Each structure stands twice: as structure tokens, then as C-alpha cells.
Amino acid sequence: MPEGPELHLASLYVNKVCDGVVFTGQIRKSEVSKCPDVPFTCKAYRITATSRGKEVKLTLTPIKSDDPKKTVNTGQADQPMEIFFRFGMSGYFSFTNEDEIPKHAHLRFYTTEKPCRVLSFVDTRRFGSWHPNGTWQPERGPCVMFEYKSFRENVVSHLSDRVFDRPICEVLLNQKYFNGIGNYLRAEILYRLNIPPFVPARTVLEGVESEDVCENEKPVYKHITGKKNSEKAQEKGVKGEASDLLRMCHTVPLEVVNLGGKGYNPADADYSGFVAWLQCYSVDGMKSVQDHNGRTIWFKVSSSCNLIYEAGFYISHLFKKICFFQGDPGPLLPKDSKSPRVKKRIKKDDQDHTYKKKKGRNRSESTIKKRMTKKETPKKAKDERQREAGSRRRKTERTQEVSTPRRRKSSKAEPTTGSLRRSRRFAK
DNA sequence: CGTCCACGTCTAC
DNA sequence: TAGACCTGGACGG
């Protein structure tokens, strides 16, 4: 579920389903979780939620008992408790009957109802975490969605920070400055502004005002249109991209909130709405490469002609910063960045197989040897194999090539046709 | 069956 | 700046 919008939608969900609901008793943790116990016991309490960037805070508020005698010396909480959640790659909240608790529900809050219901923190991969009596993580910057003003100020006042030497696509994942932006949002944001992903961040952000000149238009919560905002900005003489970038970091996530679904969540009934909203991330016809941290960055493909793209890529590498053709990843593209394997198109129009040449995936002898000589349990051996497969791929297969799936002309020219233009893995 | 990939941090060389 | 931490879906043989 989890970039800023999903975390916020999760907090809205909690507030909606827990409205008027009374919880009670121990908060229970799954056997397998390594997160802390939550030492909160109360005969009757309510749950509310708020979000900030990529964190959610649950507040457990005891309900005052009518009978003071009842709460004496029973270890009952009478003070509220705050629990801070991060969602990792797969966290979400679920409110169900007790017999419908999802698999991988690692923290559970029980209602007083009979039969009772349960608010669960579900996290398949367990990269998420919770922190009872914690705080918002202090290293994280202001929320791009709900602390917009201080978010801008925080970026603008720290542009001399060395982190802004990095490519803009990598800096957008830095939660010290862009709390709430994740992998799909960075692609969507850069795409909207036509900013090549591997341009130095400072170059893109130089000249940005800490105050958004459009801010009195008080965007955004409902009915934002990124286009209109940038047009307004231009009317007001803002120098294009740069000032828009911070604004886009605000408006694009809010668009997802306003979609009404649950954002990036394949299990959601409205998931197709989210998929249709994506313009770049994992969209068929877009290019993708690995950034410096091995994360896939999606960006715009030349709409007219791949030859122009290839030429632009070549020329820009000769002259570094000078040339940015449409589709150019930018000058800071890692030297050994490779594109992921070409993804299959959706079956329907999958007539042309010529582009599906698979990249070599031969394991080196040395890797095999290493594996054979290691002593480990069968399960560990499997994990190890997978890990080695991963790193071997990263180390041996990187090329300067960028994925340019040959396919029908980019759908940019034609009206969006929803999931039809998505790559297969996003079809639902 | 095996391999690759995924919405994110963390921390140990 | 690799890896570690995890599970499971999609895909290929």
C-alpha cells in the first residue's frame, strides 16, 4: 500500500471504520513479529489515526468509566497512547470480523462487540514496524501533502546540502526532504514536468522560492489539476519546472488521495482507477532503468521516434549537461545502469515477439562454486541462491542500455485507454 | 519447478 | 554502497 497517499488513506480508513467503535483488552501481536509488544490494556478505548508523510500514528484514547471504582488498581490505562507505524512495502490496516482476520496480521486491536471485530495491522513482508509511545521519526522532513509550507522551506533552505548533488530521481526518495514520496510518485512527478530523472537535483531546484506563488489558490484537496496549476504558475512568471517540482510533490500525491480508492493496492476494488491514473510508472511504452540504489526509475519515452531518443542519449553523454532530448535519462545516469528485462506486453495485442529477446542470464562458474561450498540448511540455500541470483544480475548484466520495448506507437498520442496500455503485471 | 520483481528502509563492511 | 530483511505473484522452462 505504501507511499504518502496510501498511508494517509489508511488513516482515513481507520477513522472511518473505528468511528464510534469501542475497543478493549490486550493488544495482540503475531508470534512471528519482531516488533515490540504494545503494553496498553484498557476496558474501553477508542482509536483514531493521523498520517505524516510515510508514517501513521494511532491514538488509543481510554474512555472514562462511569464508575471510578472499576478502574482502581486494575492496571488499566487512563492516559492515551500513541503508536507510530511505518508500512514497509506491504503494510495496511484492516477492520474485520474475528474470523476474517487476514493472513500476516501482526498487531490486532479487539472491539467490545460480540462477536467482536478486529483492527489489524497487516504486513505480508514484515518490512513495516510500529513504535508504541514513539514520535514522528525525527530524521523525516515535513509531510509533502499536509505540511506543504514547511516542506518547501525545508528543501529550499537546504539546497547546499550535498544530498542535492545527487540525481533528482534519487533525491526525491530522500525522506529527510521528501517525506511521503516513493517510487511510483517520483516517476509520476518527474514525468509531469518532463524532467529527466538523472539531472542533478540542485540544477532542477535552483531558483525555487520557498514560498509557492500559487499557494493562495489554496489548491488542492479536491479537484486539483496539475496542468492548471502549472499554467497559473507560468502566468505569474514563475520559472517553469523548478518551482513546479515542489508543488508537484504536493499535488500529485493528493491526486491519489482524491481518487477515492486505496491508492497502490492491488487488493482494492478501485485498483483499476489507480492503474488508470498512472501516466508513467510501470506504464507500457515508458522507459525504465535502475538508479544508483538499484531501484527502478520509470521515465518518459520519446513519443515520436526511438531513434531520436537514442541519438539524444548518445549526444548527451558526449556533451554531458548540454543536451536533453525528450526521453534522455540525464547526465547522472549510473554508468552501469541497466534496464530491467523487457516486460511482456499484455496478451491481447502481443503479436510482435521480435523485441522479446531475453538478456543472457548465465550464472558464472564462480558463483556456482561459492554456492556449492557453502554449508547451510536447504531453506537457507534457497534464499542464498535467490540473493546471489539478484546480485549476480546486478553485477554482471548492467549495461548502458535503456529498455526500449518496440511496440505500437506510444499511447501518448491517443486518448488513455486505461489498463490496456499498462504492462501486464499491472493488469487486473 | 526456478527466477525475477515489488509501494522501503536499515546497518554493517 | 552492497546486503539484509520478507512473502508472494507473474512468468518461463
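Just so it is clear, the structure is predicted and the values come from calculations on it, not from any experiment. Naming: A, B, ... by sequence-line order, numbering from 1 per chain.
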- Rounded to the nearest angstrom, tell me the gap between atom CG in Leu7(A) and atom C1' in dG8(B). 11 Å

- Query: When you measure from the side chain of Thr111(A) to the backbone N and O of Arg117(A), does any donor-acceptor pair fall under 3.5 Å?
  - Reply: yes

- Any Gln175(A) side-chain N or O less than 4.0 Å from OP1/OP2 of dT9(B): yes

- Item | Closest listed nucleotide, where the reference is the side chain of His292(A) and the choices are dG8(B), dT1(C), dG8(C) | dT1(C)

- Could you tell me the separation between the CZ atom of Arg295(A) and the P atom of dC5(B), rounded to a whole number of Å? 14 Å

- Pick one: which of Lys103(A), His104(A), His106(A) meets side chain to side chain donor-acceptor pair (under 3.5 Å) with Ser30(A)? His106(A)

- Specify the separation, in whole Å, of atom CE of Met89(A) and atom C1' of dA4(C). 13 Å

- What interatomic distance, in whole Å, is found between C1' of dT9(B) and the corresponding atom of dG9(C)? 22 Å

- Parallel under 30°, tilted from 30 to 60°, perpendicular over 60°: which one fits the rings of Phe121(A) and Phe87(A)? tilted

- Query: Between dC6(C), dG8(B), dT7(C), which nucleotide gets closest to the side-chain atoms of Thr124(A)?
  - Reply: dT7(C)

- Query: Tyr177(A) vs Phe164(A) aromatic rings, parallel, tilted or perpendicular, using cut-offs 30° and 60°?
  - Reply: tilted

At a cut-off of 3.5 Å, list every protein nitrogen or oxygen paired with a nitrogen or oxygen from nucleotides 10-13 of chain B, distance to 0.1 Å.
from    : atom 1 : to        : atom 2 : distance (Å)
dC10(B) : OP1    : Arg86(A)  : NH1    : 2.4
dC10(B) : OP2    : Arg86(A)  : NH1    : 3.4
dC10(B) : OP2    : Gln137(A) : NE2    : 3.1

- Task: Could you give the distance separating dC1(B) and dC6(C) at their P atoms, to the nearest angstrom?
- Result: 23 Å

- Any Lys34(A) side-chain nitrogen or oxygen under 4.0 Å from OP1 or OP2 of dC5(C): no

- Any chance you could lay out the salt bridge (Lys or Arg N to Asp or Glu O under 4.0 Å) test for Arg192(A) and Glu255(A), step after step, and finish with the verdict? CA-CA 13 Å; Arg192(A) 303 284 185 98; Glu255(A) 286 182 30; 2.9 Å; yes

- Under 3.5 Å, is there a donor-acceptor pair between the Gln26(A) and Thr41(A) side chains? yes

- Message: Please report the distance separating the C1' of dG8(C) from the corresponding atom of dC10(B), rounded so that it comes out in whole Å.
- Response: 23 Å

- Which residue, Phe40(A), Phe95(A), Tyr45(A), forms the side chain to side chain contact (heavy atoms under 4.5 Å, CB included) with Phe109(A)? Tyr45(A)

- Using only heavy-atom distances, decide whether a donor-acceptor pair under 3.5 angstrom links the side-chain of Arg125(A) to the base of dC6(C). yes

- Selection from dA6(B), dC6(C), dT9(B) that lies nearest to any side-chain heavy atom of Arg126(A): dC6(C)

- Between Asp165(A) (CG) and dT1(C) (P), how many Å, whole number? 13 Å

- Message: I want to check one thing: is the phosphate of dC6(C), taken as OP1 and OP2, less than 4.0 Å away from some side-chain N or O of Ser90(A)?
- Response: no

